[in-house]
Amino acid sequence: MQEMNKALTSVVQDVFAADVTLEVTRPDEQFGDYATNVALQLARRLGKPPREIAEQLATALREQLGDRVQEVAIAGPGFINLRLSDGALAVQAAAAPHTKPQTYAGQVVVTEYSDPSAFKVLHAGHLYTSIVGDAIANVVAAMGGEVHRVNFGGDVGLHVGKTMWAIMQELGGEHPDKLAEIPDGEHADWMARCYVKGEQAYSDSEDAKAEIIDTNKRVYQVHATDDHDSPFAQIYWTCRKWSYDYFDAFYARIGSHFEKYYPESVTMPVGVETVQEQLEKGVYEKSDGAIVFRGEPYGLHTRVFINSQGLPTYEAKDVGLIMMKWADYHFDRSIIITDNAQMQYMEVVLKSIEQFAPELAQRTTHVTHGRVKLAGGVKMSSRKGNIVRAVDVLDAAADANKKAGHDSEVSSLGAVKYAFIKSRIGADIVYDPEESVSLEGNSGPYLQYAHARARSVLAKAGKTGGELADLDEHERSLARKISEYPEVLEKAVQELMPHHICTYLYELAQSFNRFYENAQVVGDPREATRLTLVALYADILKDGLGMLGIAAPDRM
RNA sequence: GCACCCGUAGCUCAGUUGGAUAGAGCGUCAGUUUGCGGUACUGAAGGUCAGAGGUUCGAAUCCUCUCGGGUGUACCA
């Protein structure tokens, strides 16, 4: 692709002495392997008919590319279509599984995602962010980035006040010893129930609300004084530990690994200090007793960073987080992945940071995704107890998988991951457990199965493949699709959109099935060539699924 | 009110740095196929790309407005 781009750019310069940012695309197969519309772009500038320009360029291209190209044709209003020679295509295809465009070579990249709140339950949205975040981090790492996966979460804040208040109600006061009565396996559920109770009380009762606000302050005090001894502190630290154990178990189940966890209690002091410092320099300002950043001059809105009670809000904690990430990694790129709801909020935070640390803001990319809805129109409501938990989604997949006659965590997890990644990031997604585990259609298990089947063919043949030469129609078509893999990865990493990989892998499988339908592999005179294609196909499936965090076992 | 995100076949989605007849899967209908793993392949039907203007040789893609769904909008995270 880049080669073609280069060749074209130089040809355009030679023939017309024009500088153009031209685009080489992968057209519909009937038109060739590569196409460009540069002649159409130049037509107006040069005052010539596009087809005439195309003819001149085509002639020059044929000369420049020599035997690497089989055909350079003009089509339609003035497209130049390029068809590679078998030799050139074979070279590309053979290298495809191992060619990784080094887009991020030498760059330190911090990816932050998942961001669960301690003392609260993990819901479907956390599962979505974690899966998408992993995929993005994997792709960046494969493209040469030195990736650091970090996680952020609220171990202080009003939600903790609510849960702690309810916990003490449940325990009948500040009795840390009574926590021992909660069975090991029920810690997370019990805390989730407490959160719901605290949440309910906060909105139903003025008295409870006042107590919760007070409890919240006490939690901040625990951190300020590094209190590990008081009964209240003991309850807090024990329950916080329970939360983190629960997170760890969940990440282990879905195969996520974070090298660092930034609790808000840790980023908070850094954030407060930074905001105070910049208050004096006029970046932030006081207003009604709070410290705010005024976004209106930038087309944004005003947000509170430190409230009138002197407590930092999420904004200040996030400022602290960004400063700490910088201090820890001196990243070239920082990628933050969250729900869409955070979009405008994050713009304000980053705009404020841009005022005193412009390079940090410039190096930060905020990627946002939609929400998870369940097929059938069930929505998630975060404020009530009827939320869809992360485990509910995983269990639904496992159940559907069992119903479909399969019983493996590898395929049900692959099903969920694939279903979540296959849609473009941005809009809400609809999750249908049955569809996700199906062996038919665009699903994770379909591709896992496709991979296992290809491996099985290779095992049956019991030998390695031969050269890719004199390709027939079906072989060539598959080889062409195989050769596209590195370009797809590059697109996915440039846009930070891993769904491109899903779309490609599925198209690749379709292409393979068409080939497989028409071409006997084992025992055929062309076995050697075809085995090579099968091997390349299997390798790409494995590599691509790996990028998505999906296992591709040789047998299922 | 203002800002932002989203709105493509019955359903779930690709296609969105403007380009060649808008593509898949599921579902529906009709064929082919038992040869390498539970199949798969071929074809048909199904679309005013939410709507209306505009820019352009060319718009699902860019601009404006309207409609619909969602989120955010000062001391929650």
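To find a chain, count down the sequence lines: A is the first, B the second, and so on, and within it residues start at 1.
Nucleic acid contact for A/Arg455: none, since no nucleic acid atom lies under 4.0 Å from a heavy atom of the residue.
The salt bridge (Lys or Arg N to Asp or Glu O under 4.0 Å) test applied to A/Arg424 returns no partner, not counting sequence neighbours. The side chain to side chain donor-acceptor pair (under 3.5 Å) check on A/Asp539 picks up A/Arg455, with sequence neighbours excluded. For A/Arg218, the salt bridge (Lys or Arg N to Asp or Glu O under 4.0 Å) test picks out A/Glu174, with sequence neighbours left out. Qualifying salt bridge (Lys or Arg N to Asp or Glu O under 4.0 Å) partners for A/Lys317, counting only residues two or more places apart in sequence or in other chains: A/Glu264. Scanning for side chain to side chain donor-acceptor pair (under 3.5 Å) contacts around A/Ser412 gives an empty result, with sequence neighbours left out. By the side chain to side chain donor-acceptor pair (under 3.5 Å) test, A/Glu409 pairs with A/Arg253, sequence neighbours left out. In this structure A/Tyr34 satisfies the ring-ring contact (aromatic ring centres under 6.0 Å, His included) test with no other residue, sequence neighbours excluded.
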Do any N or O atoms of the protein come closer than 3.5 Å to N or O atoms of nucleotides 19-21 of chain B, and which pairs are they?
residue : atom : partner : partner atom : Å
B/G19   : N7   : A/Asn37 : ND2          : 2.8
B/A20   : N6   : A/Asn81 : OD1          : 2.9
B/A20   : N1   : A/Asn81 : OD1          : 3.2
B/A20   : N1   : A/Asn81 : ND2          : 2.9
B/U21   : O4   : A/Gln30 : NE2          : 2.5

Distances for protein N/O vs nucleotides 32-36 of chain B N/O pairs under 3.5 angstrom?
residue : atom : partner  : partner atom : Å
B/C36   : O2'  : A/Tyr516 : OH           : 3.0
B/C36   : N1   : A/Tyr516 : OH           : 3.1
B/C36   : N3   : A/Val521 : N            : 3.2
B/C36   : N4   : A/Tyr516 : O            : 3.3
B/C36   : N4   : A/Ala519 : O            : 2.9

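Comparing B/C41, B/C13, B/A74 against the side chain of A/Asn513 picks out B/C41 as the nearest. Listed nucleotides: B/A77, B/U71, B/G15. Nearest to the side chain of A/Lys317: B/A77.
For the P atoms, the distance linking B/A20 with B/C4 amounts to 30 Å, nearest Å.
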* To do: Would you give a per-nucleotide map of nucleotides 1-7 of chain B, 5' to 3', where B means the base has a protein non-hydrogen atom under 4.0 Å away, S means only the sugar-phosphate does, and - means neither?
  => --BSSS-
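If you check residues 301-316 of chain A against RNA chain B, the residues with a heavy atom closer than 4.0 Å are A/His301, A/Arg303, A/Val304, A/Asn307, A/Ser308, A/Thr313, A/Tyr314, listed by number. Applying a 4.0 Å cut-off to non-hydrogen atoms, the residues of residues 492-502 of chain A that approach RNA chain B are A/His499, A/His500, listed by residue number.
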